[in-house]
Amino acid sequence: MANLSAMDAENSKREMEGIDPAEAGSLLELELMRKRASWQRAAGQRKRFLMASIFFLFVVVLAALLAFYFFFSSGRVEELRAQGTAHASPAPTAVSDRP
């Protein structure tokens, strides 16, 4: 594996000898501009995804708060509590042996 990297280094040196330094600089600058543009696009996509995630979380929390507000303000809790206590412990009835 080390032999391959040494061979690649020699080949790249041979290729670079035939290229003008100004041309090599402009090619390097062009390559860096392309990479920077792709990095900026990727950063923009991550930012949009983060904003969409935060917005979705905000909507879910807001919906839960509204549901709790309407549930507790409508009086359904008291109705359910009253029904639950009425059925949970019925009053004992007296049983007589006489007709």
Side-chain angles (χ1 to χ4, degrees):
M1 194 62 127
N3 191 18
L4 289 176
S5 63
M7 289 174 55
D8 289 338
E10 288 178 25
N11 287 338
S12 64
K13 284 181 185 178
R14 287 183 196 148
E15 290 174 3
M16 292 300 287
E17 288 176 3
I19 297 177
D20 182 32
E23 185 181 347
S26 65
L27 288 174
L28 180 62
E29 187 176 340
L30 182 63
E31 181 67 25
L32 289 175
M33 285 177 15
R34 287 179 184 160
K35 284 187 178 184
R36 187 178 306 123
S38 69
W39 292 335
Q40 287 175 347
R41 279 193 302 271
Q45 289 173 351
R46 282 192 299 269
K47 187 175 180 179
R48 283 193 299 267
F49 181 74
L50 177 67
M51 294 302 291
S53 300
I54 291 172
F55 179 73
F56 178 73
L57 183 63
F58 176 74
V59 168
V60 168
V61 169
L62 185 65
L65 289 174
L66 285 172
F68 281 121
Y69 173 74
F70 285 119
F71 181 72
F72 287 115
S73 68
S74 67
R76 289 285 299 161
V77 175
E78 288 81 17
E79 291 175 18
L80 292 174
R81 234 181 244 153
Q83 288 177 358
T85 57
H87 294 293
S89 58
T93 56
V95 179
S96 67
D97 291 333
R98 294 185 213 174

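When a residue number appears, it is its place in the shown sequence, counting from 1.
Applying the under-4.5 Å side-chain rule to Ile, Leu, Val, Met, Phe, Trp and Tyr, the cluster around Phe49 consists of that residue alone. Other cluster members for Leu50: Ile54, joined by side-chain heavy-atom distances under 4.5 Å among Ile, Leu, Val, Met, Phe, Trp and Tyr. Under a 4.5 Å side-chain heavy-atom cut-off, the cluster of Ile, Leu, Val, Met, Phe, Trp and Tyr residues that includes Val60 is completed by Phe56.
With sequence neighbours excluded, the residues satisfying side chain to side chain contact (heavy atoms under 4.5 Å, CB included) with Arg46 are Ala42, Ala43. By the side chain to side chain contact (heavy atoms under 4.5 Å, CB included) test, Glu31 is found to be paired with Arg34, Lys35, residues two or more places apart in sequence or in another chain being considered.
Considering CZ of Arg36 and CD of Glu29, their distance stands at 8.5 Å, rounded to 0.5 Å.
A parallel orientation is assigned to the rings of Phe68 and Phe72, their planes being inclined by less than 30° (bins at 30° and 60°).
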